[in-house]
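Comments concern the structure below.
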Amino acid sequence: MLHNALLIGLSTLSFTSAKCFDPSPAFPVPLWEHGSKDLKPAFDRIVTKLQTLAAKEKYDTSSFSIEVTSNTDTLWTHFHTAREHNATRPGDTHVDGESVYRIASITKTFTTLGILYQHAAGNLSLDYPVSAYIADFADSDSSGRIPWKDITLRIMASQLSGIPREMGQADLINELPDPTQVGLPPVGREGLPECYEYDHHSRPCTKTELLDNLKKKAPLFAPNQRSTYSNLNFELLGLVLENVTGLDYSEYMHQSIFSPLNMTSTSLHKPSSDAHAVLPVGQFFWDVDEGIHSPTGAIYSSSSDMSKYLRYILTHYNALATGVNWMMPASWSEGMNSFYGMPWEIFRTDKILGKGNKRPVTFVTKAGGVPDYFSRITLMPEYGLGLTIFIGGANSLLNEIQEIVTVELIRAAEIIIWRDIEATYTGTYTSTNPTLNSSLTLSSSASTGLVLKTFISNATDVFTTLLAEYAGVGHNDDAPWRAQFTPTLLYKNETAQQGEIWRLLVVPERTKEDEESVWAEFCNTDVDPASYAALPINEFVFWRGEGVVEAPAWRVRMKKVADGDGRGGEGGGQEDGDDVLGVDQQPQRTLSWLKRSLQPFSPWRL
Ligand SMILES: *[C@@H]1O[C@H](CO)[C@@H](O)[C@H](O)[C@H]1NC(C)=O
Ligand SMILES: *[C@@H]1O[C@H](CO)[C@@H](O)[C@H](O)[C@H]1NC(C)=O
Ligand SMILES: *[C@@H]1O[C@H](CO)[C@@H](O)[C@H](O)[C@H]1NC(C)=O
Ligand SMILES: *[C@@H]1O[C@H](CO)[C@@H](O)[C@H](O)[C@H]1NC(C)=O
Ligand SMILES: *[C@@H]1O[C@H](CO)[C@@H](O)[C@H](O)[C@H]1NC(C)=O
Ligand SMILES: *[C@@H]1O[C@H](CO)[C@@H](O)[C@H](O)[C@H]1NC(C)=O
Ligand SMILES: *[C@@H]1O[C@H](CO)[C@@H](O)[C@H](O)[C@H]1NC(C)=O
């Protein structure tokens, strides 16, 4: 009877019938403590692997700088200096955090940040066409040509404009000593640009040369149809910035970003001395003036400066402009895992956490490459971590270093996070009102997240009533499920950063049938399924300092009376052996990193 009554009630609600596995984020953003020893074993393993890598003969002329930063502090650095230098122009022979590289296309993130600032200031709109800011495009006849009036700044920044990749770069006529040797026909140079790569990089292209050339070009795709990488998007966004600010691009970057963030080694201009210049043997690009191409790839910077920039992004990405979360994808790239943001290259993988754990981890990255300089920045917003890799030398180092550092780092971070979640949240809580028979128990593991194991409300086992009904809606009643908490990253008291608000979700466990079913992975997230007397039924508020959890719709406050035993309590059993792979368990320490300070992580508030 009770079951039927509940079912009738619930079936009138618009539940999704989708299977949403493994909610993400699964934990609040960690605040890694400065000087914390927690990650040291992982960094030691990374150093060992990097030393083996750098020792290879093919990397004799390669230098690199790597930094990992939290939201607040640089946590780890590693520098390697090439064993061989150019005897007449060695540059920096002792690479450290101040050593300067060309960061190439990472420049695009700075150009985009400038556009976001101008959007926030009301000086331009992301959703206005580029023709509003570049007079040459204002009355372009678009028949067969690029439809500039349909190309907004937002879709340019998102690599969705459909315009060609280059003007003045990547033309094989300049790169191949003899094009006919690879089967290309002999051709003359009439009508080709006469600047930059077409002129041995001795003279950069001008604005007029760029715009005249673009007026003749045809699109690859209709605007907003399909993403494809284009340097031109950012060269034009640089011109848009100059148009609305009335400043030279370089001047604007200094005023709006480099100076405020104290990026003292960062510039659009070649440093006046080679003292900190990383100059791999055979390089020539250090000296190249990129001219009109600057907003797409000209910045010089150090890894220490880049850590400052990453800290800024990690703490402001959702507060830069109304309506913009800078980390969000704007379009998919190829495959299941890759997306373009503005102008981020976003990777989401369920392979990194190891067997039995398919929770996706998101990496928001931007890579850069010009001859002999290769780089990537990676933001891991769930973990509150940012990674910089700068290389002067061999390109192949980049992906090798990326794999080593991110895999070790994320797996080690997961172990620390779940160990501390276990220590902080899990255990048995009972009603602070002694006349009320209400209690709950929480357990946790990396693969299941923070889960509710039992919930008695006023002598009723909610697992057999309401939660069972939630689980049954749209699913096979017998299919296994768990009740998992997902943090909202909001607080009841935002000022004090206290009273963490979490939502409880009924999460289906993957079954063998799910592995085989094509549609099992289709999911429409809905974390607000029902309320009781207008309060969300699945809201739980953790007052960590007091060891209290509140369930507002249930009108109950419960205080911790016993710690978790680390085994997930009664009915557990999935927890053992399914932690992340490849990382040794570390000795138990008392929680320190998760402690909130009054320097809040609130990227949605400036
Ligand atoms: C910016 O572009 C608009 C539209 O083409 C033009 O009217 C204006 O003069 C330009 N401003 C500057 C400072 O170049
Ligand atoms: C908006 O544009 C005006 C005029 O170009 C400029 O003076 C002002 O600094 C810009 N605002 C911001 C926040 O950059
Ligand atoms: C700016 O950065 C430099 C190092 O590049 C540092 O010495 C200085 O203290 C920083 N200034 C501020 C205000 O943080
Ligand atoms: C070494 O530097 C000199 C400039 O000082 C340059 O002319 C030469 O090409 C460089 N050689 C190599 C192999 O990089
Ligand atoms: C507990 O349940 C009883 C009925 O079994 C009810 O009378 C009482 O009001 C409930 N109290 C609370 C606080 O839910
Ligand atoms: C509280 O309620 C549960 C579920 O009905 C019951 O098993 C338990 O014995 C009750 N505890 C007390 C102290 O009454
Ligand atoms: C939030 O916390 C601050 C600092 O502890 C306190 O002064 C304030 O009253 C709290 N606000 C609310 C709404 O409880």
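Scope of the values below: all heavy atoms of this structure, side chains included, with no hydrogens, waters or symmetry mates. In listed order, ligands and their atoms are each counted from 1.
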Q. Hey, is Ala132 touching ligand 1 through its side chain, its backbone, both or neither, going by heavy atoms under 4.0 Å?
A. backbone
Among all the protein's non-hydrogen atoms, which is closest to [atom], and how far away is it?
atom                   : value
atom 6 (C) of ligand 2 : Asn123 ND2, 4.1 Å
atom 1 (C) of ligand 3 : Asn262 ND2, 1.5 Å
atom 5 (O) of ligand 3 : Thr264 OG1, 2.7 Å
atom 8 (C) of ligand 1 : Asn243 ND2, 3.7 Å

With no hydrogens and no angle check, just 3.5 Å: does a side-chain donor-acceptor pair link [X] and [Y]?
X      : Y      : value
Thr378 : Gln402 : yes
Tyr101 : Ser63  : no
Ser301 : Tyr309 : no
Asn233 : Lys108 : no

**Q.** Closer than 4.0 Å: a protein non-hydrogen atom to atom 11 (N) of ligand 1
**A.** yes
Q: Ignoring hydrogens, tell whether any protein atom lies closer than 4.0 Å to atom 14 (O) of ligand 2; use the non-hydrogen atoms only.
A: yes
Q. Are any of the N/O atoms in Gln118 less than 3.5 Å from those in ligand 2?
A. yes
Q | Atom indices of ligand 2, in the order listed, that fall short of 4.0 Å to a heavy atom of Val244 | A | 2 (O), 4 (C), 5 (O)
Q) Going by the atom numbers of ligand 2, which of them fall below 4.0 Å from some non-hydrogen atom of Thr245? A) 5 (O)
Determine whether more than 12 heavy atoms belonging to other residues, nucleotides or ligands lie under 6.0 Å from atom [atom1] of [X].
X      : atom1 : value
Lys217 : NZ    : yes
Glu403 : CD    : no
Met328 : CE    : no

Q.
Check this for me - ligand 1, Ala135, N or O atoms closer than 3.5 angstrom, yes or no?
A. yes
Q | salt bridge (charged side-chain N to carboxylate O under 4.0 Å, His left out) partner of Arg203, chosen from Glu194, Glu209, Glu197 | A | Glu209
Q. Closer than 4.0 angstrom: is that true for some heavy atom of Lys308 and an atom of ligand 3?
A. yes
Q | Sub-4.0 Å atoms of ligand 1 with respect to non-hydrogen atoms of Tyr133 | A | 1 (C), 2 (O)
Q.
Please evaluate residues Tyr252 and Gln118 with respect to the criterion side-chain hydrogen bond (donor to acceptor under 3.5 Å, both in side chains), reporting the C-alpha separation (whole Å), side-chain torsions for both, the decisive distance (0.1 Å), and the verdict.
A. CA-CA 11 Å; Tyr252 179 64; Gln118 291 305 309; 2.8 Å; yes
Q: Could you say whether the N/O atoms of Glu98 and ligand 3 ever approach to under 3.5 Å?
A: no
